[in-house]
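Take a look at the structure set out below.
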Amino acid sequence: MFRMISNRQIADAFDLLADLLRLKDAEGYRFEIIAYQRVAEALRELPRDVRALAAEGRLQEIDGVGKAIAAKILELLEHGTLRLLEELKAEVPQGLVDVLRVNGVGPKRAMLFYQQLGITSVAELEAAAREGKLRTLPGMGAKSEQKILESIAALARRTTRARADIALQAAERILRALQALPNVLRAEIAGSLRRGRATIGDIDLLVATHTPAPIMDAFVNHPDVVRVLAQGETKSSVELLSGLQCDLRAVPPERFGTALSYFTGSQAHNIRLRELALQRGLSLNEWAFTATDGSGREILCASEEEVYAQLDLPYIPPELREDRGEIEAAQANALPNLIEISHIRA
DNA sequence: GCCC
DNA sequence: CAGTACG
DNA sequence: GGGCCGATACTG
């Protein structure tokens with residue numbers, strides 16, 4: 001019989017596997033890393049106990065699970081551990097996985113810090129930054145060092161994902177300020193908040209305008225903003241009083257549909273849409289569909305309806321955009337009817 | 001790594 | 001440019 | 001066997 005091990009624990013093991021591989025050689029294992037992360041997410045969303053599925057020999061029915069990963073799941077169910085995972089732990093300090101959670105630190109820098117300074121934890125990274133040691137490393141300077149210190153502080157401030165209702169209040173405050181600005185033609189909440197998720201990691205906002213610069217300025221100077229993480233022509237990122245990160249993108253109104261689609265996600269849903277576009281000889285990004293025949297011809301979408309229509313799909317509501325079968329359902333014209341408040345009566 |  | 005980050 | 005999202009955007 002199988003061990004007591006939850007879907008969640010198995011998912012965590014695959015995420016750890018992905019992170020350790022990322023540290024070892026991000027490029028060399030690029031697609032394996034993606035595969036492991038996909039499976040981790042699929043397992044967390046799986047409504048059934050993996051052990052039951054395994055007992056029936058149906059593991060490969062899970063999206064993203066093939067022969068190799070099915071074997072790894074079985075190994076976890078039987079032994080509670082993975083040989084591959086243990087080997088990687090011996091090669092790469094596990095504490096580096098936490099270091100990866102620091103904004104601005106990816107696998108390259110984490111390994112650089114480890115190999116040059118022996119850093120294996122966030123605490124050690126913080127100490128090294130305070131002592132001015134990071135700036136001595138190639139590609140690092142005083143500014144990068146300071147950013148890392150601030151990221152570590154931010155990491156401590158927000159321990160968990162925010163409840164959607166709390167985040168919604170914070171989002172609407174910023175949104176109202178943006179809507180009140182001259183030359184803002186539209187302003188919308190995007191991201192997981194728009195998808196109706198119960199908890200959200202950050203707030204994503206989108207505005208339609210022909211003059212993004214003054215809007216970006218107003219955004220980063222909003223009274224709720226405590227820190228500017230990045231500010232560019234069309235994309236800025238800030239930290240709010242609540243500790244929440246808030247990202248804003250600005251696009252011209254004729255491109256609002258592709259932008260809202262992109263910024264609403266989910267990532268997995270976006271990737272599926274982009275694959276569908278490629279099948280039709282089009283490349284899709286947040287700005288437009290672009291013909292892949294070299295002509296550079298663009299198809300602009302002011303609304304999301306146009307985006308889906310271009311892909312021969314009926315409109316898919318944000319709440320369903322998780323790549324959990326909604327694309328296939330849409331293609332079969334069999335999307336479920338969502339329950340709206342207005343449909344409910346006492 | 002998975003999938004066509 | 002490389003590195004990191006975003007859905 | 002060979003592709004796998006983005007002609008992404010921002011920083012230093």
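Sequence lines set the chain letters: A, B, ... in the order given, protein chains first and strands last, and positions in each chain run from 1. Since this is a predicted model, take the numbers as computed values, not measurements.
- For the segment residues 20-43 of chain A, residues with any heavy atom less than 4.0 angstrom from an atom of DNA chain D are, sorted by number, F31(A).
- Between D204(A) and R195(A) there is no salt bridge, since no side-chain nitrogen of the basic residue lies less than 4.0 Å from a carboxylate oxygen of the acidic one.
- Of the residues in residues 225-251 of chain A, Q245(A), D247(A) come within less than 4.0 Å of DNA chain C through at least one heavy atom, sorted by number.
- Contact between R280(A) and D312(A) at its shortest, heavy atoms only, is NE-OD2, 2.9 Å.
- The nucleotide range of DNA chain D contacted by chain A, defined by atoms under 4.0 angstrom from heavy atoms of the protein and reported 5' to 3', is dC4(D) to dG12(D).
- Atom-to-atom distance recorded for D323(A):CG and I271(A):CD1 is 8.5 Å, nearest 0.5 angstrom.
- Across all strands, F263(A) comes closer than 4.0 Å only to sugar-phosphate atoms, never to a base (heavy-atom distances).
- Residues from residues 90-122 of chain A lying near DNA chain C, meaning a heavy-atom separation below 4.0 Å, are V102(A), N103(A), G104(A), V105(A), G106(A), P107(A), K108(A), R109(A) in numerical order.
- With a cutoff of under 4.0 Å to any heavy atom of chain A, the contacted region of DNA chain C is bounded 5' to 3' by dG3(C) to dG7(C).
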After noting the C-alpha distance and the side-chain angles of E304(A) and T264(A), does the key distance pass the side-chain contact (heavy atoms from CB on, under 4.5 Å) rule? CA-CA 10 Å; E304(A) 284 188 323; T264(A) 297; 4.0 Å; yes
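- Each of D202(A), V225(A), L205(A) was checked for a side-chain contact (heavy atoms from CB on, under 4.5 Å) with C246(A), and the lone residue meeting it is L205(A).
- Aromatic ring pairs are classed by plane angle as parallel below 30°, tilted from 30° to 60° and perpendicular above 60°; the pair H269(A) and Y308(A) is tilted.
- When base pairs are accepted only as Watson-Crick or G-U wobble with both N-N or N-O distances under 3.5 Å, DNA chain C takes part in stems of 3 or more pairs at C:1-5 with D:8-12.
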Under 3.5 Å, side-chain donor or acceptor atoms of residues 129-137 of chain A against the rest of the protein: list the pairs with distances, not counting sequence neighbours.
| unit_1 | atom_1 | unit_2 | atom_2 | d |
| --- | --- | --- | --- | --- |
| R130(A) | NH2 | E126(A) | OE2 | 2.7 |
| E131(A) | OE1 | K133(A) | NZ | 2.9 |
| R135(A) | NE | E145(A) | OE1 | 2.8 |
| R135(A) | NH2 | E145(A) | OE1 | 2.7 |
| T136(A) | OG1 | K133(A) | O | 2.6 |

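- Residues V105(A) and F113(A) form a side-chain contact, since some pair of their non-hydrogen atoms from C-beta on lies under 4.5 Å apart.
- Other residues, nucleotides and ligands place more than 12 heavy atoms under 6.0 Å from the CZ atom of R227(A).
- Ion pairing of E286(A) with R274(A) is present here, as a side-chain N (NZ or NE/NH1/NH2) and a carboxylate O approach within less than 4.0 Å.
- Using a 4.0 Å cutoff on non-hydrogen atoms, the parts of residues 184-210 of chain A near DNA chain C are R195(A), D202(A), D204(A), ordered by number.
- By the 4.0 Å N-to-carboxylate-O rule, R48(A) lies close enough to E56(A) to be salt-bridged with it.
- Residues L23(A) and V99(A) form no side-chain contact, since every pair of their non-hydrogen atoms from C-beta on lies 4.5 Å or further apart.
- At whole-Å resolution of the value, CD in E275(A) and C1' in dC2(B) are 12 Å apart.
- Straight-line distance between the P atoms of dA7(D) and dC2(B): roughly 28 Å, to the nearest whole Å.
- Taking atom P in both dC5(D) and dG1(D), one finds a spacing of 22 Å when rounded to whole Å.
- Two residues are said to be in side-chain contact when any heavy atoms from C-beta on lie closer than 4.5 Å; I69(A) and F14(A) meet this criterion.
- A continuous path of hydrophobic side-chain contacts links V97(A) to V39(A) [ILVMFWY only; heavy atoms under 4.5 Å].
- Residues of residues 280-311 of chain A having a heavy atom closer than 4.0 Å to DNA chain C: none are found.
- Taking the ring pair (Phe, Tyr, Trp, His ring centres under 6.0 Å) definition, one finds that F31(A) meets it with nothing, sequence neighbours left out.
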Evaluate the criterion side-chain contact (heavy atoms from CB on, under 4.5 Å) for residue pair Q231(A) and V238(A); output intermediate values, then yes/no. CA-CA 8 Å; Q231(A) 182 180 5; V238(A) 301; over 6 Å; no
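- Of the residues in residues 69-86 of chain A, none lies under 4.0 Å from DNA chain D by heavy-atom distance.
- We find that E328(A) and R272(A) are joined by a salt bridge, their nearest charged nitrogen and carboxylate oxygen being less than 4.0 Å apart.
- Under 4.0 Å is where a charged nitrogen must lie from a carboxylate oxygen, and between R22(A) and D19(A) at least one such pair does.
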After noting the C-alpha distance and the side-chain angles of K72(A) and E32(A), does the key distance pass the salt bridge (Lys or Arg N to Asp or Glu O under 4.0 Å) rule? CA-CA 13 Å; K72(A) 286 185 172 60; E32(A) 287 84 349; over 6 Å; no
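- Ionic pairing of K24(A) and E91(A) is present here: one or more N-O contacts between side-chain nitrogen and carboxylate oxygen are shorter than 4.0 angstrom.
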Give every donor-acceptor pair under 3.5 Å between a side-chain atom in residues 115-125 of chain A and any protein atom, sequence neighbours left out.
| unit_1 | atom_1 | unit_2 | atom_2 | d |
| --- | --- | --- | --- | --- |
| T120(A) | OG1 | E124(A) | OE1 | 3.1 |
| S121(A) | OG | E124(A) | N | 3.1 |
| E124(A) | OE1 | T120(A) | N | 2.7 |

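- Across all their heavy atoms, L76(A) and R3(A) have their closest contact at O-CD, 4.3 Å.
- A salt bridge links E322(A) with R197(A); the closest basic N to acidic carboxylate O contact falls under 4.0 Å.
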I174(A) and F219(A): CA distance, side-chain angles, deciding distance, side-chain contact (heavy atoms from CB on, under 4.5 Å) verdict: CA-CA 8 Å; I174(A) 312 282; F219(A) 173 63; 3.8 Å; yes
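- With DNA chain D read from its 5' end, the first of the two nearest nucleotides for R274(A) and G141(A) is the one closest to R274(A).
- With respect to R44(A) and E41(A), no salt bridge is recorded, no charged nitrogen being found less than 4.0 Å from a carboxylate O.
- Separating the C1' atom of dA5(C) from that of dG6(D) is a span of 13 Å, rounded to the nearest Å.
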